[in-house]
Amino acid sequence: MVRPTRFEHNRWLGDKRNQRVHDLDRVVDRCRLDELLASEQFATFGPDTLAEARNRGYRPCPHCVARDA
Ligand SMILES: [Zn+2]
């Protein structure tokens with residue numbers, strides 16, 4: 001899957017609808033990122049880390065985030 005260029009400075013992208021966070025370096029088709037972007041219900045994090053996403057209540061996407069991340 002092609003990494004969305006609009007997020008070239010972000011690695012982690014949250015889905016506000018289900019509180020999932022995706023790793024943009026590893027997204028796969030099953031992440032349905034195109035659908036998330038179309039919905040515009042996404043969130044970026046500052047700092048751009050998985051830890052920050054977790055602090056904000058997001059859970060790792062099972063498709064693109066390593067289980068031990
Ligand atoms: Zn994902």
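Order of appearance sets the numbers: ligands from 1, and atoms from 1 within every ligand. The first residue in the sequence is number 1, and the count goes up from there. Note: hydrogens, waters and symmetry copies are ignored here, and every other heavy atom, side chains too, is used.
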With sequence neighbours excluded, tell me which residues meet side chain to side chain contact (heavy atoms under 4.5 Å, CB included) with Asn55.
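Only Glu52 meet the side chain to side chain contact (heavy atoms under 4.5 Å, CB included) criterion with Asn55.
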
Residue list, side chain to side chain contact (heavy atoms under 4.5 Å, CB included) with Glu35, at least two apart or on another chain:
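Once residues adjacent in sequence are excluded, the partners of Glu35 under the side chain to side chain contact (heavy atoms under 4.5 Å, CB included) criterion are Arg17, Arg32.
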
Walk me through it: do Arg56 and Phe45 pass the test side chain to side chain contact (heavy atoms under 4.5 Å, CB included)?
CA-CA 9 Å; Arg56 287 171 54 177; Phe45 306 98; 3.6 Å; yes

All salt bridge (charged side-chain N to carboxylate O under 4.0 Å, His left out) counterparts of Arg20, not counting sequence neighbours
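If we apply the salt bridge (charged side-chain N to carboxylate O under 4.0 Å, His left out) test to Arg20, skipping adjacent residues, there are no hits.
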
Is it true that a side-chain atom of Asp23 and a backbone atom of Val65 form a donor plus acceptor pair closer than 3.5 Å?
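A pair under 3.5 Å: no.
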
With a 4.5 Å heavy-atom cut-off, do Phe7 and Leu37 have their side chains touching?
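Side chain of Phe7 against side chain of Leu37, heavy atoms only: contact under 4.5 Å found.
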
Metal environment of the Zn ion (ligand 1), protein N/O/S under 2.8 Å
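You should have found His22 ND1, Cys31 SG, Cys61 SG, Cys64 SG.
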
